[in-house]
Peer 1: 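Pasting in a structure now, in structure tokens, and then I'll have a few things to ask.
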Amino acid sequence: MTRGKQKIEAQRRNAERNQKPKGSQLEARAVALKVSCPICKNLTKSSKVVLAGNVKITECFRNGDVETARCIFHEMPKKNLVTWNCMISGYVRNNKLSEAQEVFNIMPKRNVVSWSALLNGYAKCGLLCEAQELFDRMPERNTICWNSLISGYLNHEEFGKARECFCKMPKRNSISWAIMIRGYLQQGLLTEARELFDQAPDKSTSLYNALLSAYVEWGCMEDAHSLFSEVPQKDDATWTTMITGFSRVGEMEHARRLFEEMPGKCMEAYTAIIWGYMQSGDVKSAQTLFDELPSKDVVLWNTIIGGYVQNKMFGVALKHFMEMPVSDIWSWNLILLGHVQERDMVKAFNFFLKMPERDQTSWNTIISGYQSEEALVLFSQMIKDGFRPNQTTFTTVISICAALASLGWGMALHSWSIRSGYEYDTKVRSSLITLYAKCGLLAEAHDLFHSMSKQDTIAWNAMIVGQAYNGCPEEAFKLFRSMIQFELNPDHVTFLGLLTACSHNGLLWKGLEIFSSMQALWKLTPKVEHYNCVVDLLGRSGQLKEAYEFIRQMPLCIPIYTWETLLGACRLHGNMELAEMVARKILSFKPSEGGAYVALSNIYASKGIWEDASRTRSLIKEHGARKDQAYSWIEIKGRTTVFVCSDKSHPQMMDIYRELDSLSVIMEEALIPI
DNA sequence: ATAGGGTTAG
């Protein structure tokens with residue numbers, strides 16, 4: 001550091017000695033003696049050398065090679081003002097602000113470019129006070145300086161100051177307008193942006209595209225479409241943005257029409273519309289367009305693979321993955337996600353190990369597949385491998401902690417997330433709300449919710465689900481009503497929370513009402529989970545026949561666990577005939593499902609039909625089925641204690657069973673007949 | 001041909 005300073009200082013003195021007086025003398029003599037004088041030749045030669053050096057330095061900085069740039073600079077026998085300016089801007093480009101500042105301080109002569117390069121550095125780093133101060137001290141200001149300052153304010157959420165500068169600046173050019181309009185767009189102030197846009201003297205296509213993108217992002221497709229028709233020189237991005245927009249809102253007819261009208265369709269446009277078809281579940285149209293293209297890039301391949309994964313057609317996704325000539329980490333991550341979605345964690349993990357490289361997404365994906373302590377073990381491994389948890393990591397792992405009711409880990413992750421800068425992140429916070437609610441700490445959940453700057457649907461959902469789990473259905477409904485008042489749209493998860501609230505509290509009619517309002521009032525098509533909730537609700541209430549009928553009328557593919565829900569209800573209400581039928585149904589799909597045999601056997605046993613009970617049990621062995629040992633656990637002060645049926649190995653065994661007995665008595669007394 | 005402001009679609 002000090003040696004570097006010394007070197008620069010030496011260079012500066014050299015530069016002072018060599019440049020100024022001699023330069024002017026030489027120039028004078030060059031004019032006097034006209035060409036062909038040896039000194040003049042030297043001058044031309046040396047200025048050529050300086051120029052070459054400047055080009056080299058700039059190139060190195062652009063490639064991020066700061067060291068080489070520095071070396072060239074130090075070894076240059078002659079430098080000019082541009083050389084020094086190259087150093088400032090190069091350092092700024094590579095986020096070496098103190099070095100840039102140093103160069104600025106010791107350079108022999110400065111011009112407006114030197115000042116504005118440093119100003120830009122301050123602005124980029126968010127040192128806005130310093131930037132403003134420098135700006136005020138500048139001997140000369142031009143539009144570029146104003147633009148830098150405004151851009152700095154906009155990039156660091158000093159929107160008001162940026163506006164003030166924009167109004168105050170003596171002269172604006174097209175870039176000033178573009179900066180300011182993009183500033184408004186970033187703030188989501190679309191109306192204001194549009195007003196400014198209409199006033200702007202000349203607009204590049206890229207600025208049109210920026211406004212279009214914003215409309216698309218906010219789903220304002222009417223505005224987007226009318227602006228689109230006004231774009232004088234539409235480029236590929238203009239068309240692609242529009243196609244993406246219609247794809248996003250699911251208006252595939254519009255997307256298709258635009259795509260057909262588009263002259264010289266670029267690959268990005270193909271990607272956009274294929275993505276749209278995949279989103280809308282129109283796998284066939286997507287595939288047809290994909291096949292139409294003779295050459296495809298990785299992004300397009302990934303779009304088609306991701307589409308198949310999303311549409312739960314993992315086999316086809318895998319086939320494409322095998323066929324693609326070059327894959328990147330994105331492709332690998334998609335297939336990894338596919339394995340995880342298939343709930344085949346053995347394959348997923350093997351695939352994970354086989355990956356040529358792993359990034360944060362790979363880790364997040366594999367971790368999300370485990371709903372157990374294994375997730376936490378992998379999380380630790382991820383940290384050991386040098387990855388830093390990001391937003392997705394935190395939400396994933398905290399959600400798993402919530403599912404495990406693992407308060408110790410959850411709280412550790414909570415503080416870690418704050419230290420990592422996610423204190424005010426709504427997604428992380430929502431997962432924390434779920435965690436605390438799940439662990440019964442409703443006050444903490446409440447605090448986290450109310451201290452949010454703005455609660456989104458996810459946060460409201462977390463609260464609703466939390467109340468549902470804690471046996472407070474009325475609170476859940478109340479939250480739902482408030483949420484509506486705040487003009488937030490409920491989504492699938494919201495209704496899952498409400499239905500859970502009903503099924504956990506035996507609110508049959510309320511639940512059915514919510515289920516039907518979901519589609520009729522809120523235009524949300526129920527998913528399997530919602531149907532399952534209703535089956536649970538009917539089953540728990542003893543409406544077994546109705547539950548059975550309800551399943552038979554489900555418009556979706558019926559997963560095994562729906563039947564298992566009904567089987568559980570049959571056990572609860574001792575309906576042996578239905579139980580037997582359901583259990584057989586489950587076993588016909590999955591003969592290795594030990595749980596169904598056990599349930600069946602238990603039903604026979606409870607009715608005293610011992611022969612059938614033991615016959616069922618022996619069937620388990622015959623089919624090689626096994627039932628995983630069920631267990632529960634509790635975490636106290638970071639130590640986890642596992643409870644397995646009739647286990648007597650715990651040192652405090654006597655105390656535990658005594659507590660259990662007294663709890664049983666309390667529960668019997670509190671039992672409300674359903 | 002070299003230095004300062006904004007663009008980079010899926």
Side-chain angles (χ1 to χ4, degrees), chain A residues 47-62 69 72 76 79-93 100 103-104 107 110-124 131 134 138 140-152 154-155 165 169 172-183 185-186 203-213 216-217 234-245 247-248 265-276 278-279 296-304 306-307 330:
Chain A
S47 75
K48 266 188 186 163
V49 171
V50 173
L51 176 71
N54 293 349
V55 173
K56 266 258 173 64
I57 288 174
T58 307
E59 202 178 291
C60 287
F61 274 127
R62 279 198 187 132
I72 295 169
M76 277 169 75
K79 302 175 176 70
N80 59 16
L81 181 55
V82 175
T83 319
W84 291 90
N85 286 344
C86 284
M87 289 308 284
I88 298 182
S89 76
Y91 279 134
V92 166
R93 177 192 284 270
V103 174
F104 180 83
M107 65 198 292
R110 301 179 190 117
N111 66 2
V112 64
V113 177
S114 331
W115 285 86
S116 70
L118 187 63
L119 170 68
N120 189 233
Y122 283 141
K124 280 220 166 85
L134 199 74
M138 286 175 78
E140 179 198 341
R141 285 176 215 113
N142 57 19
T143 309
I144 292 180
C145 305
W146 281 95
N147 288 351
S148 271
L149 189 64
I150 292 177
S151 168
L154 287 174
N155 285 329
C165 289
M169 68 195 288
R172 300 175 195 102
N173 62 16
S174 63
I175 292 176
S176 326
W177 286 92
I179 292 171
M180 208 52 214
I181 291 167
R182 282 170 199 275
L185 291 176
Q186 263 172 18
K203 295 165 268 234
S204 66
T205 300
S206 112
L207 190 57
Y208 270 102
N209 292 346
L211 189 53
L212 273 180
S213 294
V216 161
E217 203 178 307
K234 300 178 182 60
D235 63 7
D236 284 352
T238 319
W239 288 92
T240 308
T241 305
M242 285 307 290
I243 294 169
T244 306
S247 294
R248 262 199 205 190
K265 302 169 184 39
C266 59
M267 202 177 298
E268 286 82 0
Y270 268 95
T271 311
I273 196 159
I274 286 175
W275 181 84
M278 281 300 194
Q279 293 302 305
K296 297 137 179 130
D297 70 358
V298 185
V299 183
L300 185 56
W301 277 100
N302 289 343
T303 305
I304 201 102
W330 194 255

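Values below: all heavy atoms of this structure, side chains included; hydrogens, waters and symmetry mates excluded. The chains referred to below are lettered A, B, ... by the order of the sequence lines, with proteins before strands, and numbering in each begins at 1.
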Peer 1: Taking only residues two or more places apart in sequence, or in another chain, which ones meet A/Trp275 in a ring pair (Phe, Tyr, Trp, His ring centres under 6.0 Å)?
Peer 2: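 A/Trp275 satisfies ring pair (Phe, Tyr, Trp, His ring centres under 6.0 Å) with no other residue.
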Peer 1: What residues, two or more places apart in sequence or in another chain, satisfy side chain to side chain contact (heavy atoms under 4.5 Å, CB included) together with A/Val112?
Peer 2: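 With sequence neighbours excluded, A/Val112 shows a side chain to side chain contact (heavy atoms under 4.5 Å, CB included) to A/Met138, A/Glu140, A/Asn142, A/Cys145, given in chain and number order.
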Peer 1: Identify each atom pair where a protein N or O and an N or O of nucleotides 7-10 of chain B are less than 3.5 Å apart, giving names and distance.
Peer 2:
{"residue": "B/dA9", "atom": "N3", "partner": "A/Ala237", "partner atom": "N", "Å": "3.0"}
{"residue": "B/dG10", "atom": "N1", "partner": "A/Asp297", "partner atom": "OD2", "Å": "3.2"}
{"residue": "B/dG10", "atom": "N2", "partner": "A/Thr271", "partner atom": "OG1", "Å": "2.8"}
{"residue": "B/dG10", "atom": "N2", "partner": "A/Asp297", "partner atom": "OD1", "Å": "3.2"}
{"residue": "B/dG10", "atom": "N2", "partner": "A/Asp297", "partner atom": "OD2", "Å": "3.2"}
{"residue": "B/dG10", "atom": "N3", "partner": "A/Thr271", "partner atom": "OG1", "Å": "3.3"}

Peer 1: Roughly, in whole Å, what's the span from CZ in A/Phe104 to P in B/dA3?
Peer 2: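 One finds 19 Å between P of B/dA3 and CZ of A/Phe104, rounded.
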Peer 1: Tell me what A/Ile175 touches on the nucleic acid: a base, only sugar-phosphate, or nothing, going by heavy atoms under 4.0 Å.
Peer 2: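 Base contact - A/Ile175 has a heavy atom under 4.0 Å of at least one base atom.
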Peer 1: When the distance from CH2 of A/Trp146 to P of B/dG6 is rounded to whole Å, what number comes out?
Peer 2: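 So the two atoms are 17 Å apart, to the nearest Å.
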Peer 1: Would you indicate what A/Val112 reaches in the nucleic acid, counting non-hydrogen atoms under 4.0 angstrom: base, sugar-phosphate, or nothing?
Peer 2: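 A/Val112: base contact, heavy atoms under 4.0 Å.
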Peer 1: Can you list everything that forms a side chain to side chain contact (heavy atoms under 4.5 Å, CB included) with A/Val50? Sequence neighbours excluded, please.
Peer 2: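 Side chain to side chain contact (heavy atoms under 4.5 Å, CB included) check on A/Val50 returns A/Asn54, A/Met76, A/Lys78, A/Asn80, A/Thr83.
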Peer 1: Is the side chain of A/Asn155 donor-acceptor paired with the backbone N or O of A/Ser151 at a distance under 3.5 Å, no angle test?
Peer 2: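 Answer holds: yes.
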Peer 1: Who pairs with A/Tyr270 by ring pair (Phe, Tyr, Trp, His ring centres under 6.0 Å), at least two apart in sequence or on another chain?
Peer 2: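 Testing A/Tyr270 for ring pair (Phe, Tyr, Trp, His ring centres under 6.0 Å), a comparison that skips the adjacent residues, returns A/Phe259.
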Peer 1: Let me know the distance between CG of A/Leu81 and C1' of B/dG4, rounded to the nearest Å.
Peer 2: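 In whole Å, B/dG4 C1' and A/Leu81 CG are 12 Å from each other.
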Peer 1: For A/Gly245 and A/Val216, work out which heavy atoms get closest and say how close.
Peer 2: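 Closest approach of A/Gly245 to A/Val216: CA-CG1, 3.4 Å.
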Peer 1: Can you list the residues that meet the side chain to side chain contact (heavy atoms under 4.5 Å, CB included) rule with A/Asp235, with sequence neighbours excluded?
Peer 2: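 Partners of A/Asp235 under the side chain to side chain contact (heavy atoms under 4.5 Å, CB included) test: A/Thr205, A/Asn209, A/Ala237, A/Thr238.
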Peer 1: From CD1 of A/Ile88 over to P of B/dG4, roughly how many Å is that when rounded to an integer?
Peer 2: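 In whole Å, B/dG4 P lies 11 Å from A/Ile88 CD1.
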Peer 1: Is any side-chain nitrogen or oxygen of A/Ser151 closer than 4.0 Å to OP1 or OP2 of B/dG6?
Peer 2: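 Checking B/dG6 against A/Ser151, a side-chain N or O does come within under 4.0 Å of OP1 or OP2.
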Peer 1: Expressed in angstrom and rounded to an integer, what is the separation of A/Arg93 atom CZ from B/dG6 atom P?
Peer 2: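 Interatomic distance, CZ of A/Arg93 to P of B/dG6: 11 Å.
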Peer 1: Using a heavy-atom cut-off of under 4.0 Å over every strand shown, decide if A/Val55 touches base, sugar-phosphate, or nothing.
Peer 2: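 Contact class for A/Val55: sugar-phosphate only.
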Peer 1: Look at the side-chain N and O atoms of A/Arg62 and state whether any lies under 4.0 Å from the OP1 or OP2 oxygen of B/dA3.
Peer 2: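 Yes, because at least one side-chain N or O of A/Arg62 sits under 4.0 Å from OP1 or OP2 of B/dA3.
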Peer 1: Just the rounded figure in Å: distance from P of B/dT2 to CG of A/Asn111.
Peer 2: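 In whole Å, B/dT2 P and A/Asn111 CG are 16 Å from each other.
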Peer 1: In whole Å, I'd like the distance from the CH2 atom of A/Trp84 to the C1' atom of B/dA3.
Peer 2: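 Those two atoms, CH2 and C1', are 14 Å apart.
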Peer 1: Whole Å only: how far is the CG atom of A/Asn54 from the C1' atom of B/dT2?
Peer 2: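 Going from CG in A/Asn54 over to C1' in B/dT2 covers 5 Å.
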